[in-house]
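Reading through the structure tokens given below for one structure.
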Number of protein chains: 2
Amino acid sequence: MQRKLRLTTREVTDRLIHVFREAGYDGASLEALAAAAGLTRGSLYHHFPGGKAQMAEAVLNRAGAALSQDILMPLRARGNTANIINGMLDGVLKYYDGDPPICLMNALTLGEGHVLFAEKVENAVTAWHRMLAGVFSSGAIDLKDANNEATDLLASIQGALILSRVVGTRQVFEDQIERLRHHNY
Amino acid sequence: MQRKLRLTTREVTDRLIHVFREAGYDGASLEALAAAAGLTRGSLYHHFPGGKAQMAEAVLNRAGAALSQDILMPLRARGNTANIINGMLDGVLKYYDGDPPICLMNALTLGEGHVLFAEKVENAVTAWHRMLAGVFSSGAIDLKDANNEATDLLASIQGALILSRVVGTRQVFEDQIERLRHHNY
DNA sequence: GTCTATATAGGGATAGAC
DNA sequence: GTCTATCCCTATATAGAC
């Protein structure tokens, strides 16, 4: 199997993701990014003339698209609430695919990354929360309760990611997601 | 009110905390740390000959002590489970005192910080989890269920911190903690 | 105990050959 | 589209005066 010589910008972007996930914005050096891409530092600037900020933004955009597809799309399905939530949780397991799983948006909102991307991340999370609340409120419960249920579920997922990373094993995350399937929605 | 000229290392440490919390290890520059301490870069090395790594470790140790006092100690109280958990949640609100609240241990386990402090952070979180599970298991339920309940609660708290930081307001965090008080334990 | 000044390395970014 | 070479700045760390 021969190594590809010329990469598309999208392929390069995909190779950069895990560096930003594990190191955050400030911790992601061009040296590490270039190594992950299999390119030199100079070559990165062909794909991203805007430098590191543009690299991180491209990675964030890719993650946003994946989140929409894997997690938000199942929330648009019709059916009973429990089935919809189960579909979303399948997407959550797919979207957070590392071992341990790490949330890119969490990693990118510290230090300089916070200055650059806080708004974009907030928008993504808010969209997720709003759609989740919509699913719960269609269950004919009070709108405020629906919002609270959405917050609870989102917090449980994000918290499981934190714990899983701290412990260093994916299993903690998967176990927690399984338990969330059996809650009463 | 006159400004103190000579600071103890502990006082300096306390002033460094919020820089590491908001920027993580890689994002915390000596310039920012010196400014926060009200000292020059050079003076920081008097208090921390080991440089930035030692500063972060000192901050982490202080946070560990505060966590023990504010959060773990209430878990040693006697009484019914609900009261003990309420006491812990009071400590949680006190320990995570920023606006928005940010988890130092989360911030310090990305990039180079992960290499340096992952083990120490894991130990702290594991201790919290173990004590929490102990409280739940004294409620005469299955040990595995107690562990799961502990994980659920810990994840809810950590996730609330994430959401609160992303949204940029402390209110989200406080509301979530209030709701956790009314769960059935 | 704090300062100024400085050493040294690594970071991000650019120019131009191939 | 990728490379090498280089520039410049910031970052961490050290030395020594006060």
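A quick note: this is a predicted structure, and the numbers were derived from the prediction, not measured. In what follows, every chain begins at residue 1, and chains take the letters A, B, ... in the order their sequences are listed.
- Atom CZ of B:Arg41 and atom C1' of C:dT8 are 14 Å apart (whole Å).
- For A:Glu112 and C:dG11, the CD to P distance is 17 Å, given to the nearest whole Å.
- Residue A:Ala53 is out of contact with every strand shown, counting any heavy-atom pair closer than 4.0 Å.
- Between B:His46 and C:dG1, a side-chain N or O to OP1/OP2 separation shorter than 4.0 Å is present.
- Of all nucleotides listed (C:dG12, D:dA13, D:dT2), C:dG12 comes nearest to the side chain of A:Leu30.
- In this structure a side-chain-to-backbone donor-acceptor pair under 3.5 Å is present from B:His182 to B:Glu178.
- Looking only at distances, a side-chain donor or acceptor of A:Arg181 sits under 3.5 Å from a matching main-chain atom of A:Asn86.
- At a threshold of 4.0 angstrom between heavy atoms, the contacts of A:Ala28 are confined to the sugar-phosphate backbone, with no base atom among them.
- A:Tyr96 and A:Glu174 form no side-chain donor-acceptor contact under 3.5 Å, judged by distance and modelled atom types alone.
- In this structure, B:Asp26 atom CG and D:dT12 atom P are separated by 9 Å, rounded to whole Å.
- One atom, NE2 of B:His47, and another, C1' of C:dC3, lie 12 Å apart when rounded to the nearest Å.
- For the OP1/OP2 pair of C:dA13 and a distance below 4.0 Å, the side-chain nitrogens and oxygens of A:Tyr45 include at least one atom meeting the criterion.
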A:Arg165 vs B:Thr109, side chain to side chain donor-acceptor pair (under 3.5 Å): CA-CA, chis, key distance, verdict: CA-CA 9 Å; A:Arg165 175 159 61 85; B:Thr109 45; 3.1 Å; yes
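- Contact annotation for B:Thr40: base contact, defined as any heavy-atom pair under 4.0 Å involving a base atom.
- Residue A:Val12 is the one, among B:Gly51 and A:Val12, whose nearest nucleotide of DNA chain D lies closer to the 5' end (criterion: closest heavy atom).
- Atom CD in B:Glu31 sits about 9 Å away from atom P in D:dT10, given to the nearest Å.
- Checking D:dA13, C:dT2, C:dG12 against the side-chain heavy atoms of A:Ser29 singles out C:dG12 as nearest.
- Put simply, CD on A:Glu11 is 13 Å from C1' on D:dG1, counting in whole angstrom units.
- Side chain of A:Arg170 to backbone of A:Gly98: a donor-acceptor contact under 3.5 angstrom is found.
- When the P atom of D:dT14 is taken as reference, atom CZ of B:Phe48 falls 15 Å away, rounded to whole Å.
- Across its full length, the helix from C:dG1-D:dC18 to C:dC18-D:dG1 shows an angle of 10° between the axes of its 5 terminal pairs at either end, rounded to 10 degrees.
- Between A:Ser43 and D:dG1 there is no side-chain polar atom (N or O) within less than 4.0 angstrom of OP1 or OP2.
- In this structure, the CG atom of A:Leu7 is 9 Å from the C1' atom of D:dG1, given to the nearest Å.
- At least one donor-acceptor pair under 3.5 Å links the side chain of B:Asp26 to the backbone N or O of B:Glu112.
- Across all strands, A:Gly42 comes closer than 4.0 Å to base atoms (heavy-atom distances).
- Between the side chain of A:Lys120 and the backbone N or O of A:Gly64 there is no donor-acceptor pair closer than 3.5 Å.
- The aromatic rings of B:Phe117 and B:Tyr25 sit perpendicular, their planes meeting at an angle over 60°, well past the 30° parallel limit.
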